[in-house]
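In what follows, a single structure is set out as structure tokens and then discussed.
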Amino acid sequence: MFCINKRKFFKLLPKSEKGMEEMCGIIGKVGEENVIPQLINGLKKLEYRGYDSAGVAFVEDDIINRVRAVGKISELKKKLSQEVIESRVGIGHTRWATHGSPTEENAHPHRSKNGMFYIVHNGIIENSEEIKKNLLPYNLDFESGTDTEVFAHLLEKYYDGEPVSAIAKAQAVLKGSYAFGLICKDYPDVIFGAASGSPLVVVKGENGFYIASDSGAIDEKTVEKYSVSCGEICKITSSAAEFFDPSGKAIKKQREDSQNSEDSFEKEGYAHFMLKEISEQPRAVKDTLDSLISLGGVWLPHVNIDEDFFSEILEKIVIVACGSAYHTGLVAKHIIEKLTGVPCAVEIASEFRYSHPFIDEKTLAIFVSQSGETADTLACLRLAKHCGAQIISIVNVRGSAIAKESDNVIFTKAGREIAVATTKAYSAQLAAFYALSIFIGREKGKLSEEQEEKYIEELSLLPQKIKETLETVNENAKKFAQKICKWDKVFFMGRLTDYATACEGSLKLKEISYINAQSYASGELKHGTISLVEEGTPMIAVLGESKIFSKTLSNICEVESRGAQVIVITDIAKENLLSGNRTVISVPDTLSEFRQSLLVLPLQLISYYTALLRGCDIDQPKNLAKSVTVE
Ligand code: M6R
């Protein structure tokens with residue numbers, strides 16, 4: 001049944017949830033001692049939200065100063081180290097540019113004309129041009145090309161000595177999504193904040209109060225934590241926090257669970273976070289599986305769907321995600337269909353949200369996201385909910401928007417992932433899908449208890465096999481990286497689940513090494529792409545699907561006879577594959593349903609070593625951000 005309410009649903013959404021959002025990180029602190037070190041550390045931790053430029057504004061002797069720099073936090077830190085700053089009140093920002101190029105003028109904090117307000121902003125003001133035209137003086141000189149600056153001027157316009165009421169009046173004219181942090185010259189011991197549609201938390205640390213886009217950015221032990229949303233306003237001093245509704249009326253807010261995350265923000269001796277996270281995969285997969293398997297059966301602690309739904313109602317499964325998370329869906333589709341007998345479609349979230357999705361009460365919609373903040377995936381989740389589908393989300397970050405808005409969640413236990421290129425979260429997502437497929441298979445009556453036992457037994461061996469694979473393929477991955485690092489193009493191929501892994505391998509390689517890497521379903525090569533193959537062209541073939549072994553092997557021979565240098569990533573006996581110049585990288589054997597968890601590992605390592613040889617910024621590749629909260 002086509003979901004006819006979709007248009008109505010879009011009309012009902014606040015604009016911020018339909019539109020774009022700038023992906024930035026903000027932090028602010030009022031303390032008893034110098035806050036600059038904590039602002040810098042916090043911004044460093046928020047770099048996953050963007051790293052085009054950064055800046056801070058702080059109060060010194062009742063005067064507000066500002067330092068900004070293009071590039072990463074390290075550039076801002078260099079600039080700040082040239083001055084001696086002692087400040088107990090400061091706000092900071094790290095930016096992923098949407099409105100205005102990544103220049104110093106466009107870097108936050110922005111200020112109002114007479115310098116009464118300095119503000120940092122995460123989000124997007126959709127009606128900034130309209131505000132400029134209709135609400136601000138026509139001859140106002142703007143210092144930047146950003147949408148944010150209009151808010152600073154609006155505050156000044158509405159300011160009558162009371163910042164909370166100025167914020168209330170200014171935000172009443174905004175359309176879009178925002179989390180603001182701001183300092184007002186008349187109140188040098190205070191930071192104000194407001195948020196709607198973008199995350200903002202207030203945290204009491206051991207040494208003062210903070211505002212931040214993510215509580216993980218805060219260096220101190222969290223004593224109390226509050227979320228600011230739906231136009232609420234906050235006011236923090238070094239010893240207290242106050243909250244106001246969107247009209248500026250004081251409100252009491254409920255404290256949230258302030259458990260401190262034990263996830264490390266350190267590389268712990270590894271050259272890069274990506275390498276550290278690759279090596280953490282056995283643990284990530286084990287922890288994920290341990291949380292979902294108990295007493296020999298799959299148990300999904302945060303899934304509360306009536307048994308009847310699976311046994312009587314379920315007709316169709318749809319998986320929606322972006323990037324690598326989408327690739328886990330491509331793998332999962334085949335396993336789900338095999339273990340449950342239910343047809344499963346896999347959709348790219350940014351496409352799905354504007355298509356004509358056939359989802360209804362008989363559909364199980366699965367949303368996959370490491371960050372839990374991906375704007376397109378979140379929009380699709382809301383759409384599917386509106387259409388009456390049952391929802392299960394597979395999410396790594398607890399407390400994220402997707403986790404909060406999903407009725408049922410499977411939490412992956414990858415731990416905090418910092419490298420932009422996902423590895424351990426990817427593996428944890430695959431593990432979650434294995435457990436979910438077995439669960440649905442059993443509920444549907446398609447899998448017997450014996451089959452379930454067999455799968456669970458093999459899953460218990462998977463973390464160790466991942467460890468073994470990482471150890472045994474490492475040297476080969478380094479060698480192969482040397483072969484491909486000078487090439488501008490690399491191809492990947494595979495069929496069925498091998499194709500899904502080929503897609504993930506090519507995304508990983510292009511993302512961090514900037515090599516043009518493309519993946520193809522092996523059978524498609526002859527329909528066009530093979531014309532690009534020249535003498536020496538690197539072609540990586542993923543070959544695990546034994547039932548179509550001979551087919552993919554023929555495709556390998558076809559590209560080899562046109563000059564390609566082929567590397568085969570496989571769990572099939574090497575003797576059957578060695579020939580000519582071909583390189584074969586073998587991974588251990590496991591059940592066919594789980595093999596992509598092993599086949600993907602050499603591809604992660606090849607990408608890592610290739611990017612290393614090319615001198616790329618592995619953890620923070622250019623133009624990217626870890627969390628894509630913009631449509
Ligand atoms: O946080 P999400 O899992 O929703 O992110 C989805 C993609 O942006 C993400 O997987 C991206 O493709 C990775 N950087 C790939 O390594």
Side-chain angles (χ1 to χ4, degrees), residues 21 23 47-51 96 199 214 216 272-275 277-278 281 284 288 319-332 346-353 366-381 393-406 409-412 414-430 432-433 492 500-515 517 519 600-601 603-608 610-611 616-631:
E21 184 183 324
M23 312 185 316
E47 261 185 335
Y48 75 89
R49 302 180 73 89
Y51 37 82
W96 191 85
D214 172 354
H272 296 94
F273 281 110
M274 183 178 176
L275 192 58
E277 288 158 6
I278 287 175
Q281 291 179 105
T288 302
I319 301 172
V320 185
C322 300
S324 292
Y326 167 74
H327 297 152
T328 65
L330 291 181
V331 176
V346 192
E347 305 280 353
I348 294 171
S350 55
E351 293 284 303
F352 186 70
R353 66 185 288 189
I366 304 173
F367 300 90
V368 195
S369 176
Q370 184 287 127
S371 62
E373 299 289 348
T374 301
D376 285 316
T377 310
L378 180 58
C380 294
L381 160 67
S393 293
I394 298 178
V395 181
N396 197 42
V397 179
R398 275 178 178 261
S400 58
I402 293 178
K404 278 187 188 156
E405 293 194 28
S406 300
V409 187
I410 297 178
F411 288 107
T412 49
R416 187 175 283 272
E417 195 177 59
I418 293 176
V420 165
T422 181
T423 51
K424 63 174 179 173
Y426 183 87
S427 288
Q429 284 162 358
L430 285 182
F433 265 126
F492 289 72
T501 299
C503 291
E504 175 58 9
S506 72
L507 175 62
K508 213 93 299 174
L509 184 65
K510 76 183 104 176
E511 183 177 23
I512 60 168
S513 74
Y514 315 142
I515 292 175
S519 45
V600 74
L601 304 171
L603 301 183
Q604 296 172 344
L605 286 166
I606 288 170
S607 304
Y608 174 78
T610 306
C616 299
D617 189 341
I618 293 179
D619 287 336
Q620 293 179 328
K622 68 173 157 46
N623 303 338
L624 289 171
K626 180 74 181 159
S627 170
V628 184
T629 54
V630 60
E631 182 180 356

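We count ligands from 1, going down the list as the structure has it; atoms in each ligand are counted the same way. All values below were derived from every heavy atom in this structure, side-chain atoms included, with hydrogens, water molecules and symmetry-related copies excluded.
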Indicate, as side chain, backbone, both or neither, the part of E373 found under 4.0 angstrom from ligand 1 when only non-hydrogen atoms are considered. neither

Pairwise side-chain contact, L603 with E504, heavy-atom cut-off 4.5 Å (strictly under): no

Any side-chain heavy atom of E373 within less than 4.5 Å of one from L378? no

Does a donor on one side chain and an acceptor on the other come within less than 3.5 Å for T423 and Q281? no

Could you find the nearest protein heavy atom to atom 3 (O) of ligand 1 and give me its residue, atom name and distance? Q370 N, 2.6 Å

If you measure every N or O of T377 against every N or O of ligand 1, does any of those distances drop under 3.5 Å? no

For the 3.5 Å polar cut-off, considering only N or O atoms, please tell me whether T422 and ligand 1 meet it. yes

Mind checking whether S627 has a heavy atom under 4.0 Å from ligand 1? no

Answer side chain, backbone, both or neither: which part of K508 comes under 4.0 Å from ligand 1, heavy atoms only. side chain

Got the closest protein heavy atom to atom 14 (N) of ligand 1, with its distance? E511 OE2, 2.5 Å

Which of the ligand 1 atoms, numbered from 1, are nearer than 4.0 Å to a heavy atom of V420: 13 (C), 14 (N), 16 (O)

Would you check if P199 and R49 make a side-chain contact, meaning some heavy-atom pair closer than 4.5 Å? yes

Provide the number and element of each atom of ligand 1 under 4.0 Å from a heavy atom of A421. 16 (O)

Less than 4.5 Å apart, side chain to side chain, heavy atoms only: is that true for Y426 and T328? yes

Quick check: do S607 and I512 have side-chain heavy atoms less than 4.5 Å from each other? yes

Which of the ligand 1 atoms, numbered from 1, are nearer than 4.0 Å to a heavy atom of A325: 3 (O), 10 (O)

Find all atoms of ligand 1 within a distance of less than 4.0 Å from any non-hydrogen atom belonging to S369, and give their numbers and elements. 1 (O), 2 (P), 3 (O), 4 (O)

For atom 1 (O) of ligand 1, what is the closest protein heavy atom, and at what distance to 0.1 Å? S371 OG, 2.6 Å

Any N or O of T374 closer than 3.5 Å to N or O of ligand 1: yes

May I ask you to check whether K508 and S324 show a side-chain donor-acceptor distance below 3.5 Å? yes

If you have a sec, work out which protein heavy atom is nearest atom 7 (C) of ligand 1 and how many Å separate them, to one decimal? C322 O, 3.7 Å

How close do A414 and A284 get, heavy atom to heavy atom, and via which atoms? CA-CB, 3.7 Å

Is the shortest side-chain heavy-atom distance between I366 and F433 below 4.5 Å? yes

Considering non-hydrogen atoms of the protein only, which is the closest contact for atom 15 (C) of ligand 1, and what is the distance? S324 OG, 3.1 Å

Starting from atom 8 (O) of ligand 1, which protein heavy atom do you reach first, and at what distance in Å? V628 CG2, 3.9 Å

Can you tell which part of L507 has a heavy atom less than 4.0 Å from ligand 1: side chain, backbone, both or neither? side chain

Does a side-chain heavy-atom distance below 4.5 Å link N396 with R416? no

Side-chain heavy atoms of K626 within contact of I418, under 4.5 Å: no

Below the 3.5 angstrom mark, is there an N/O of G323, backbone or side chain, next to an N/O of ligand 1? no

